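For reference, the structure discussed in these notes is given below.
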Amino acid sequence: MNLISLLSRTKLYWGLIAIFLIGVFGSPISSKGNNIFLSYGNLLDVLRQVSTTGLIATGMTAVILTGGIDLSVGSLMAICSVVCAMLLTVPGFTPSAALGVPTVALVALCLGALATRFILLNIEKSRAGAEAGRDVRLDKARGLVIPGVVGVILCCLSLWYLLPQVETKFGVLGVLLAAPCVGLLFGTINGFIIVAGRLQPFIVTLAMMVTALGIARLTAGQNNAVLPVYTGSNATAEFEVLRSLVFGIVPMPGLFFLGAIVIYGAVLRFTPFGRYVYAIGGNEEAARLSGIAAGRVKIVTYAVSGLLAGIAAVLYVAQYRQGKPDAGAGLELDAIAAVVIGGTSLMGGRGSLIGTFCGVLIFGLLSNILQLHNINSNLQLVLKGAIIIGTVLVQERNAGDLLSYLRLPGGRTAQKETAAAKRPSQETSSL
C-alpha cells in the first residue's frame, strides 16, 4: 500500500521520465550515428523554447492556486513585446515611450513606498513582540511620510535614468525595466477590478485580453504588423546577450525561467504570502474570517503574472528578433495546460511550482519529439489535446468515472456491479 501511495504521489515525475525515455528510444539517428534527441544542442533548444511559456506558467500557477484564471497573459506579452521592440529601435517620444516611461515611474513610486512601509511595519512588530500581533500601527511619519519620500526618490531616479534614452534608443536594462513594468501595471489592473468589482476572473481577464491586443496594435501602428530588431544595426548590440549561452552552458532565457521557478517557488513555500495563496484557494471565505487580506493577495498574484509576461516578452524579442501585436496569441492556453499537467487544480488550493516545472518540460519534450519525427503540425495539436485531457483525468482521479460512464471495463460502476453480482453467490455457497 505504501508503494502504491508513493507511486501515486510521484506520478508526475514518472510521466516526465516516460516522455524522456520515449524521446531517447524513438529518436532519429544522425548520419554520424548519434542520437539526435540526446544531443546537447537539441536539449538546449528545448529549454530555450519552453522558457517563454514557462515564465508565463510560473505566474499563472499562483493565480490558479487562488482559484482564479488569467486569460490576458498572451496579450500582455504581445503589448510588452511591441513596447520593447519600439524602445530598442525607434528614438524619440514614441507611443511605447509614452506608455513605458511613466509606467516605470509609477511602479517605482508605488513599490518604493509599499516596500518601505512593509519593512518599517515589520520592524515595529518585532519590537512590540508576538503579543501585539496584527494590532501594531505606524505613526504618520513612518506610515506615510517616510514611505512617500522613498517612493518619490525612486521615481525621480527612474526618470533620470530613462528620459535621456528616449531621445536616442533604449539599452538592455532600459527595456528590462520598461516592458515588465507595463505588464505589472496591466496585471495589477486585472487584480484590482476582480477584487474591487467582485467579478469573475474569467470575464475580467478575457476583457483585458481583447483590450491589451487593441492597445498593442495601436501602439505598433497600422503599418507595423512586425517590428524587426537587428542587434548591432537598428538596436544596441548588447541586446544579443539575452539570447546567448551563459558560460557556454545554459541559454539566457532558460536561466530567467529557472530563476523565476526557484524564487517564486521559495516565496510560495516558505513565506506567509505563499500560505495565504493556498488558504484562499482552499476556502476564500474561511481565509477572510481568519484575518487574511485576501483581496491584496489576489491583486499581487495577478500583478506578478503580468510582470512575468513582460519579462517573457523581452526574451521573445531577443530570441525571435521582432516585436508583434499578436506575439502571444494562444500562449495563455499553453501556460494553463502546462500548469494543469503539473498537477495544479483549477479549483485552487492544490499544486506547486515544481509540478508546473515538470508540466512545462513534459509539454516541451513532447513538442520536440513530434517535430523530430516531422509530424504534421495539425496532428501535433490533436495529439497534444488528447494528452492534456488524459493527463488531467489522471491528475483529478476521474478516469474511473469516465470508464464507468462509457460502461467500459475498469470503471468504478462496473467494479461495483461485479462485486454485487459475486456477493449473492458467495452467500449461497456459505449456506
Side-chain angles (χ1 to χ4, degrees), residues 47-60 72-90 94-97 99-101 103-104 107-108 158 161-162 165-166 169-187 212 215-216 219-220 224 226-246 250-261 263-264 303-329 331-332 334-335:
L47 181 58
R48 188 188 297 274
Q49 290 168 7
V50 302
S51 296
T52 301
T53 304
L55 279 168
I56 292 179
T58 301
M60 185 74 73
S72 66
V73 285
S75 295
L76 294 188
M77 195 192 98
I79 188 173
C80 291
S81 76
V82 169
V83 169
C84 176
M86 190 172 285
L87 291 177
L88 283 169
T89 59
V90 184
T94 62
S96 290
L99 178 61
V101 175
T103 299
V104 175
V107 169
S158 65
Y161 177 73
L162 293 179
Q165 298 184 50
V166 172
K169 292 176 184 178
F170 273 55
V172 179
L173 183 57
V175 294
L176 278 174
L177 284 174
C181 283
V182 170
L184 177 66
L185 175 64
F186 281 100
I215 296 175
T219 304
N224 291 324
V226 176
L227 297 167
V229 177
Y230 304 117
T231 53
S233 176
N234 68 343
T236 175
E238 296 174 356
F239 193 65
E240 190 73 15
V241 72
L242 293 181
R243 65 192 309 269
S244 63
L245 291 176
V246 180
V250 183
M252 183 64 77
L255 201 61
F256 273 86
F257 171 42
L258 295 175
I261 285 286
I263 295 172
Y264 209 11
V304 174
S305 179
L307 173 70
L308 292 176
I311 296 175
V314 178
L315 298 176
Y316 173 90
V317 174
Q319 185 170 347
Y320 296 101
R321 302 178 187 273
Q322 62 181 8
K324 294 172 61 180
D326 60 347
L331 197 56
E332 63 279 348
D334 289 345

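The figures here come from the full heavy-atom set of this structure, side chains too, leaving out hydrogens, waters and symmetry mates. Quick caveat: nothing in here was measured; it's all calculated off a predicted structure.
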In Å, rounded to the nearest 0.5 Å, how long is the span from CG of L55 to CG of L331?
-> 10.0 Å
Provide the closest heavy-atom pair for R48 versus P251 in the form atom of the first, atom of the second, distance.
-> NH2-CB, 3.6 Å
Does the K169 side chain pair with the main chain of N234, one donor and one acceptor, at a distance under 3.5 Å?
-> yes
Spacing of CG belonging to L173 relative to OG1 belonging to T236, to within rounding of 0.5 Å = 12.0 Å
Nearest non-hydrogen partners of P228 and T89, listed with the distance | O-CG2, 3.6 Å
What are the two closest heavy atoms between L242 and V314, and how far apart are they?
-> CD1-CG1, 3.6 Å
Quick one: are V166 and V101 in side-chain contact, heavy atoms under 4.5 Å?
-> yes
Considering all heavy atoms of both residues, which atom of V182 and which atom of G100 are nearest to each other, and what is their separation?
-> CG2-CA, 4.1 Å
Separation between OH (Y316) and OG (S51), nearest 0.5 Å, reads 14.5 Å
Distance-only, no hydrogens or angles: does the S81 side chain make a donor-acceptor pair with backbone N or O of G323 under 3.5 Å?
-> no
Gap between atom CZ of F257 and atom OG1 of T52 - 0.5 Å precision = 10.5 Å
Which value, rounded to the nearest 0.5 Å, describes the distance between R321 atom CZ and L88 atom CG?
-> 12.0 Å
Nearest 0.5 Å, what's the CG-CG distance between L184 and L308?
-> 10.0 Å
Evaluate the side-chain proximity of M77 to I56: yes if any heavy-atom separation is below 4.5 Å, no if none is.
-> yes
Any side-chain heavy-atom pair from V82 and I215 closer than 4.5 angstrom?
-> no
Determine the minimum heavy-atom distance between G171 and Q165, stating which atoms define it.
-> N-OE1, 3.0 Å
Any side-chain heavy atom of F186 within less than 4.5 Å of one from S305?
-> no
Kindly indicate whether the side chain of V317, heavy atoms from C-beta on, has any atom under 4.5 Å from the side chain of Q322.
-> no
Heavy-atom closest pair (A216 atom, A78 atom, distance to 0.1 Å) is CB-C, 4.4 Å
